[in-house]
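Report on one structure; see the data block that follows.
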Amino acid sequence: MTLNELKLECEKCTRCELHESRIKLVFGDGVENARVLVIGEAPGKDEDEQGKPFVGRSGKLLTEMLEEVGLRRDTNIYIANMLKCRPPENRDPKKSEQDLCIEWLQKQIEIIDPKVILCVGRISAQRIIGKDFSVTKQHGELIERDGRIYMGTFHPAAILRNINNKPLLEADLKKLAEAIK
Ligand code: URA
């Protein structure tokens with residue numbers, strides 16, 4: 001199965017109520033044979049309108065910072081979210097929504113088969129890396145598991161809230177780019 005075929009199936013998904021309020025499904029963006037899969041939380045307003053992940057203010061920051069270390073959606077990475085539909089008012093995804101949506105992400109991981117999975121923010125890091133993952137304490141650690149490397153780091157929205165942490169995210173992304181050389 002290709003990502004496009006999976007996306008067509010995902011567009012029909014009615015497993016949770018978020019499909020009723022969304023404008024567009026935000027399935028993911030990037031190359032099918034990506035070496036790095038970036039996983040965020042859920043679409044926000046801009047993503048919901050455009051149908052693409054990380055295109056709003058924090059998304060632009062993340063995209064710029066990834067490009068600085070040679071990681072680009074048109075070349076070597078794929079970006080997806082834990083949830084494919086926008087939660088109202090950008091509230092945190094509910095556990096039940098994550099449980100219903102995770103299968104789409106698992107299938108994306110199977111198809112892309114990335115060497116590295118980068119979780120940005122607590123929600124995806126705790127779901128994908130470990131339930132007690134602390135972004136503040138464990139960001140930037142390279143965790144090897146099942147033939148892949150996992151890293152959790154700051155969500156770009158958290159960097160916009162506290163710009164002092166930007167060098168920490170920069171350093172993590174640099175380390176990640178080194179790890180796939
Ligand atoms: N925040 C996320 O976690 N994902 C997006 O796609 C946009 C903002």
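Worth knowing before you read on, the calculation uses all heavy atoms, side chains too, and leaves out hydrogens, waters and symmetry mates. Quantities reported herein were computed from a predicted structural model and do not represent experimental measurements. One-based numbering, in listed order, for ligands and for the atoms of each.
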- Task: Ignoring hydrogens and angles, state whether a donor on the side chain of Asn76 or Arg72 is under 3.5 Å from an acceptor on the partner side chain.
- Result: no

- Any pair with a residue in residues 25-35 that passes side chain to side chain donor-acceptor pair (under 3.5 Å), sequence neighbours left out, goes on the list, sorted by first then second residue, please. Asp29-Arg73

- Query: How about Phe54 and His155: are their ring centres within less than 6.0 Å of each other?
  - Reply: yes

- Message: Taking side chain to side chain donor-acceptor pair (under 3.5 Å) as the cut-off, I'd like each qualifying pair that reaches into residues 108-119, sequence neighbours left out, listed once.
- Response: Lys84-Gln108, Asp113-Arg148

- Residue contacts for ligand 1, heavy atom to ligand atom, distance under 4.0 Å: Gly40, Glu41, Ala42, Glu47, Pro53, Phe54, Asn81, His155

- If a pair satisfies side chain to side chain donor-acceptor pair (under 3.5 Å) and one of its residues is in residues 43-60, list it, with sequence neighbours excluded. Lys45-Glu49

- Query: Under a 4.5 Å cut-off applied to non-hydrogen side-chain atoms, are Gln138 and Ile129 in contact?
  - Reply: no

